[in-house]
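A short write-up of the structure that comes next.
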Amino acid sequence: MILDKYLRSEVFPTPFCQGCGHGILMQAILRAVDESASDGIDIDKMAFVSGIGCAAWIPSPHFAADTLHTTHGRPIAFATGIKLVNPSLKVVVVSGDGDLSAIGGNHLIHSARRNLELTVICANNSIYGMTGGQVAPTTPCGIKTATTQQGSTEPPFDLCRLVWGAGATYIARSTVYHIRELIKYLKNAFLHQGFSFIDVISPCYTHFGRRNPQRAGATPSEMVLNLKNIAIHAKSPQELFTFPSVGTLSPPSGRTCNQKDRILIGEFTTI
Amino acid sequence: MKKFLQGNEACALGAIYAGCRFYAGYPITPSSEIMERMAVELPKVDGVFIQMEDEIASMGAVVGAAWAGAKAMTATSGPGLTLMLENIGYAIMTETPCVVVDIQRAGPSTGQATKPASGDIMQVRWGASGDYEIIALSPWSVTEMYEMTIQAFNLSETYRLPVFLMADEAVGHLRESAILSKDISVIPRSGKTDLPPFGNPQDNSVTPMPAFGQGRKLSVTGSTHDHWGYRKTQSPEVQAKSVSRFCNKILQHLGKICSYEKYFVSEDTEILVIAYGFTARSALKAVEVARQKSIKAGLIRLKTLWPFPYMLFHPECFGTSNISKIIVPEMNQGQIIREVQRVADRDVFSYNKSDGTVITALEIIEKIEQI
Amino acid sequence: MKEYSITIRDDLCKGCAICVEICPKNILAMSPESTVSGYLLAQIIEVKKCIGCMECELHCPDLAIEVIDKNEKVPAG
Ligand code: SF4
Ligand code: SF4
Ligand code: SF4
């Protein structure tokens, strides 16, 4: 298929679980690379940097490109060093929500503030997948995890609002169901001159879905298709700030858990 | 070129001379002058300076810079080093050449930020997780702050690992006349090769450091990996082979890596002082005075702390000597002394000080006389 | 009218059924046979009605499915 030239075919099949959203995101990133060829994007002039977790395995080792699989939470720091030394490389960070916003939160906000030309793709499954399904800073209220058996009680981060506050100049959110839009956003991010961030809702059935079938979907495929029902397209970028949501599957309003699952998607800032 | 300057500044100038073109750091006393000087010097040579949000990020950026093709460095002190160890471990695992300067201060924790100590000797040796060997150098003068920084870069390029420059605050902040030689040879970053990036499959030896953007489609990971960088997280063979490379690339070259100086060490020497860093300055004075008093004392000054020069104590060169007692004065509660005790078949005495002041010659003379 | 052919690689398919459920024309179904890795394989039941919308290929997490435009012998889409 057309993506073969971007893949290390010898490492397939992927280590991801059946129906994992990260495989779809993997495909979206490579299609965005392929479709950006006319805009000068060349995979041999890209560096993919990832942290630790299932999401970090999207580029490493699957992409036939320079890939740096780093330590937990730190990919943006490594990416900063690469970009500053070789500005001709397109440096793309692909990592999970826990990696980027919990242990790596400090690096995320500071790189957004610096507005260095990096693309950060957050594969957001709203849980810690690889370590066995523990609660994450993005886990919606009420969601059962390995460490919140009665349901999570802490309000989750809205990562798009977070990086907006920190100074990111391209911000978008999509889901792996909305793959054509996602590819468009990825292409826009690759061409953006400055810090770009894309929050990609990517289901983890194994840990999130299995424990919360009523809210997430009873099978991997149901979970992916359910994204169609819960995603709402932003009518304007400003809606990021008015939508009664912090952007994950079950947003709280204030500190009260709001059981209505919906996600605002779209491009929020394109300075 | 002779110049009157501070140890930390000499370190920065040595780094520039060695070809360092990237510095990422975070402010911490007593190392900050290195960062401040790098911020001034790097733009003059088209290098990049960045102050990061913390030491974890600084070390990450240094490793990223090295993979983008630059010689890179950071500097810190004990508490900052603790944060850096995560990504230092990554640099060890990914065989990334870079230099980490630790200007040691009294600890633990925040301790006394402006007071000298040698408390991090074991932290650099064992601080990262897992099995590995490292290289750590210990300067005793401003001239050596310059020269050993260059040497640290050369060693890191040769053996592909992070190399530590372990000065104590007293040497970092020392101001004295120093020689900044322009005749020291510099090992350049290796050019493009087709060899596997992580060890030669034939003999498991170190291969040249590649760079991103060369079209090699490198796979670099902190997980256990084969010679091509593919994760092998279940293979006992690959795990064993990796650790053996990380250790043997150092242990098989002890003779080339280790350096030390001997003062008044001859057939007649009975009492041997082993010292490093600022303490070695006092120890040299003490040994001189002892000799004047007809005490047969000698000094070995360790310039390399890690790998420890075990061959120094090999029975063949040590066994027949008259040395019966060894004193190891240290600005800590006894760190290098443990290595000496492991290999020296003699009575080993410690002289320890952890009060944030340097060990004086007088204190060492007293100890020599006492034993 | 355009005609399409679909290939499903049984060495890659993990039987998640995303392609089956997302296809607007019910071209695909899960086979009762398992793949080499022990998953149920997606299979083609009525390729003639395929409209080449690419939804199945784009949403396959395992890059196992490919839609080809038969006349042009190139990937659809
Ligand atoms: S644990 Fe979750 S995120 Fe990880 S591979 Fe499985 S489904 Fe995907
Ligand atoms: S989406 Fe892909 S992996 Fe899932 S059943 Fe269809 S072909 Fe198989
Ligand atoms: S291309 Fe469209 S119509 Fe054809 S099988 Fe795939 S999803 Fe169904």
Practice task
Answer with yes or no after comparing the ring centroid distance for His178(A) and Tyr185(A) against a 6.0 Å cut-off, counting only values under it.
Solution key: no

Handout entry: Contact check, side chains of Thr14(A) and Phe12(A), non-hydrogen atoms, under 4.5 Å
Key = yes

Practice task
Go through the atoms of Met1(A) and report whether side chain, backbone, both or neither lie under 4.5 Å from a heavy atom of chain C.
Solution key: both

Problem - Distance, nearest 0.5 Å, that separates CE of Met54(C) from SG of Cys60(C) - result: 11.5 Å

Problem - Side-chain ion pair, Asp39(A) and Lys187(A), N-O less than 4.0 Å - result: no

Handout entry: Glu46(C) versus Asn26(C), side-chain donor and acceptor atoms under 3.5 Å
Key = no

Handout entry: Interchain contact, Val224(A) with chain C, by part (heavy-atom threshold 4.5 Å)
Key = side chain

Fill in the blank from the handout: Whatever's closer than 4.5 Å to a heavy atom in chain C on Tyr205(A) counts as neither

Practice task
Kindly indicate whether the side chain of Val176(A), heavy atoms from C-beta on, has any atom under 4.5 Å from the side chain of Pro203(A).
Solution key: yes

Exercise for the section: Pick one of side chain, backbone, both or neither for Glu66(C), based on which atoms fall under 4.5 Å of a heavy atom in chain A. Expected result: side chain

Handout entry: Side chain, backbone, both or neither of Ile2(A) within contact of chain C (heavy atoms, under 4.5 Å)
Key = both

Fill in the blank from the handout: When the 4.5 angstrom heavy-atom criterion is applied to Leu7(A) and chain C, the contacting part is side chain

Fill in the blank from the handout: Assert top hit (heavy-atom pairs under 4.5 Å, partner chain C, pool Cys17(A), Gly21(A), Pro220(A), Gly19(A)) equals Gly19(A)

